[in-house]
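Each ligand, and each atom within it, is numbered from 1 in the order the structure gives. Keep in mind that what you see is a predicted model, and the values were worked out from it rather than measured.
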Amino acid sequence: MNKIKKALITGITGQDGAYLAELLLEKGYEVTGTYRRTSSVNFWRIEELGIQSHPNLKLVEYDLTDLGSNIRLLQSAQPDEVYNLAAQSFVGVSFEQPVTTAEITGVGPVNLLEAIRIVNPKIRFYQASTSEMFGKVQAVPQKEDTPFYPRSPYGVAKLYAHWMTVNYRESYGIFGCSGILFNHESPLRGREFVTRKITDSVAKIHLGQLDVLELGNLDAKRDWGYAKEYVEGMWRILQADHPDTYVLATNRTETVRDFVSMAFKAVDVALEWSGSADHEIGTCKKTGKVLVRVNPKFYRPAEVELLIGDPAKAEKELGWKPKTTLEQLCQMMVEADLRRNKAGFSF
Ligand code: NDP
Ligand code: GDR
């Protein structure tokens, strides 16, 4: 009989943590998921997926920045696989809180790597690396060997954790893998990120609960995929014969402006864009009403202008390929936000 596999997911209260827990439970894993002690713990994502009370899911309080906590967690959970998804993951906030971001997002994963080295070096480790490490891009499209040039404290912190994962692989033979994931979205995305901010606002405007959507840089281009498919990629990365680094992306890029138009189209509103830079607006073609406005307060001190990833290595070696189109993803997110806002709640 096959031994039941055990996985540890740090950051189960986040978008990816919730989807990954769902996937691993479906695969028959015993899953330990960590959450932080905060004044109001939020389990809305695992509740929405209906897995909060799953008999094979154990929720544990934990903080990535505490080495002892990491050691004790590995001793008690005894995982075969660790997925480190915990991070201060909002790029905008990283400019306001660079030191906290460095401690959590940069040094935090080293606590886990050290704990693995001390408790059980056979544990397989996944580090959630990011396309933000490419920042001011040095090649198009970006792939595993494209030089890095991070443009935010978040990107710099993630780059440190990425190289530490590679370093523990090479120095101690730890099965340390890094997934360089491009933006991935879903109805479970946090509302501080641009796609969900857009779909939630479009739903509210459609329902008469909001007048105007205010955004920052509309020209930024992103390679947006569907989070549920990306967590499948994380799992495949840890099932490979050898530890390695993989890009997961769709190889399509669109501007924030395009995503806004797409989201309004999902509620049958055609937008017309006029003005430029700080004064750009989006109006409803039919009524002439202003629905979108640029507000420079959402600009960042340094911007990542263009991201587009080449996932060819993941397809060739792992058989991983994105399937959902951006139009389908956008539609799915708008529909979920219409449902939530109609019911009078939206997280
Ligand atoms: P989220 O922001 O939704 O989730 C982050 C998780 O980390 C939350 O559960 C959060 O807990 C937890 N966390 C934050 N600080 C700590 C800490 N000190 N100790 C323990 N847990 C902590 O991110 P996503 O799910 O979108 O992303 C998952 C990972 O993948 C992140 O590391 C992110 O940086 C990375 N990534 C994401 C991409 C994306 O497009 N989504 C792309 C590439 C990489 P709490 O709920 O308490 O805040
Ligand atoms: P990003 O995602 O920074 O790529 O990081 P985000 O959705 O925050 O921004 C994408 C682009 O949209 C522009 N933008 C705005 N962004 C936000 N949040 N709010 C706005 O009002 C707004 N207006 C324009 C941004 O300037 C940016 O160019 C995400 C996170 O999930 C990271 O953790 C992850 O590593 C990367 O994706 C890949």
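Under the 4.0 angstrom criterion for non-hydrogen atoms, Leu85 is in contact with ligand 1. Note on ligand 1: Lys158 sits in its first shell, one or more heavy atoms being nearer than 4.0 Å. Heavy atoms of Thr10 stay at 4.0 angstrom or farther from ligand 1. Remark: distances from the non-hydrogen atoms of Glu103 to ligand 1 are all 4.0 Å or more. Using a non-hydrogen distance threshold of 4.0 Å, Ser129 registers as a contact of ligand 1. Using a 4.0 Å heavy-atom cutoff, Tyr299 is absent from the residues neighbouring ligand 2.
Glu103 and Gln88 are not linked by any side-chain donor-acceptor pair at a separation below 3.5 angstrom, with hydrogens and angles left out of the test. Looking only at atom types and distance, the side chain of Tyr29 has no donor-acceptor partner in the side chain of Asp80 under 3.5 Å away. Between the side chains of Ser69 and Asp63, no donor-acceptor pair is found at a separation under 3.5 Å.
Under a 4.0 Å criterion applied to the non-hydrogen atoms of Phe298, ligand 2 contributes the atoms 21 (O). In summary, the atoms of ligand 2 found under 4.0 Å from a heavy atom of Arg189, numbered by their order in the structure, are 29 (C), 30 (C), 31 (O), 37 (O). In the vicinity of Arg189, heavy-atom distances shorter than 4.0 Å reach the ligand 1 atoms 26 (O), 39 (C), 40 (O), 41 (N). Within ligand 2, the atoms closer than 4.0 Å to a non-hydrogen atom of Glu303 are 25 (C), 26 (O), 27 (C), 28 (O), numbered from 1 in the order shown. Taking every non-hydrogen atom of Thr130 and a distance limit under 4.0 Å, the qualifying atoms of ligand 1 come out as 43 (C), 44 (C). The atoms of ligand 2 that sit less than 4.0 Å from any heavy atom of Phe90 are 8 (O), 18 (N). Near Ser131, meaning under 4.0 Å from one of its heavy atoms, ligand 2 places the atoms 38 (C). Counting the atoms of ligand 1 from 1 in the order shown, those under 4.0 Å from a heavy atom of Ala128 are 29 (C), 30 (O), 32 (O), 35 (C). Short contacts between ligand 2 and Tyr154, defined as distances under 4.0 Å to a heavy atom of the residue, involve ligand atoms 32 (C), 33 (O), 34 (C), 35 (O). The atoms of ligand 1 that sit less than 4.0 Å from any heavy atom of Asp63 are 17 (C), 18 (N), 19 (N). Close contacts between ligand 2 and Ser89 involve ligand atoms 30 (C), 32 (C), 33 (O) [criterion: under 4.0 Å to a heavy atom]. Each of the following atoms of ligand 2 lies closer than 4.0 Å to a heavy atom of Ala220: 28 (O).
The protein heavy atom nearest to atom 37 (C) of ligand 1 is His184 CE1, 3.9 Å. Remark: minimum distance from atom 21 (N) of ligand 1 to any protein heavy atom is reached at Ala86 CB, 3.3 Å.
Here the rule is salt bridge (charged side-chain N to carboxylate O under 4.0 Å, His left out) with Glu214, and of Lys197, Arg293, Lys297 only Arg293 fits it. Remark: of the listed residues Tyr126, Trp320, Phe182, Trp320 is the sole one forming a ring pair (Phe, Tyr, Trp, His ring centres under 6.0 Å) with Tyr230. Checking each of Glu144, Glu317, Lys143 against Tyr246 for a side chain to side chain donor-acceptor pair (under 3.5 Å) leaves exactly one that passes, namely Glu317.
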Step-by-step salt bridge (Lys or Arg N to Asp or Glu O under 4.0 Å) determination, Glu48 to Arg340: CA-CA 11 Å; Glu48 204 163 297; Arg340 290 170 179 147; 2.7 Å; yes
Is there a ring pair (Phe, Tyr, Trp, His ring centres under 6.0 Å) between Phe90 and Tyr154 once you walk through the steps? CA-CA 8 Å; Phe90 189 30; Tyr154 167 80; 9.3 Å; no
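Here the side chains of Ile9 and Leu85 are in contact, with some heavy-atom distance below 4.5 Å. Thr34 is not listed as a side-chain neighbour of Leu59, based on a closest heavy-atom distance of 4.5 Å or more. In this structure, the side chains of Phe347 and Asn42 stay at 4.5 Å or more apart for every pair of heavy atoms.
Contact annotation: for Arg222 versus ligand 2, heavy atoms closer than 4.0 Å belong to the side chain alone. Here Val194 has heavy atoms under 4.0 Å from ligand 2 in both its backbone and its side chain.
Of all the listed residues (Gly14, Ala87, Ser40, Ala227), Ala87 holds the heavy atom that lies closest to atom 7 (O) of ligand 1. Ranked by closest heavy atom to atom 6 (P) of ligand 2, the top entry among Arg196, Glu305, Arg300, Lys297 is Arg300. The residue among Ser89, Gly33, Ser69, Ser186 with a heavy atom at the shortest distance from atom 2 (O) of ligand 1 is Ser89. Of the candidates Trp44, Phe193, Tyr230, Tyr154, the one placing a heavy atom closest to atom 36 (N) of ligand 1 is Tyr154.
Ring pair Phe125/Phe175: centre-to-centre distance not below 6.0 Å. Less than 6.0 angstrom separates the ring centroid of Phe148 from the ring centroid of Phe134.
Between the side chain of Asn70 and the backbone N or O of Asp66 there is at least one donor-acceptor pair closer than 3.5 Å.
Across all their heavy atoms, Leu210 and Ser201 have their closest contact at CD2-CB, 3.7 Å. Contact record, Ala220 with Val304: CB-O, 4.1 Å, taken as the closest heavy-atom pair.
In terms of polar-atom proximity, defined here as any N/O pair under 3.5 Å, Gly216 does make such a contact with ligand 2. Backbone and side-chain nitrogen or oxygen atoms of Leu64 are examined, and one is located within less than 3.5 angstrom of a nitrogen or oxygen of ligand 1.
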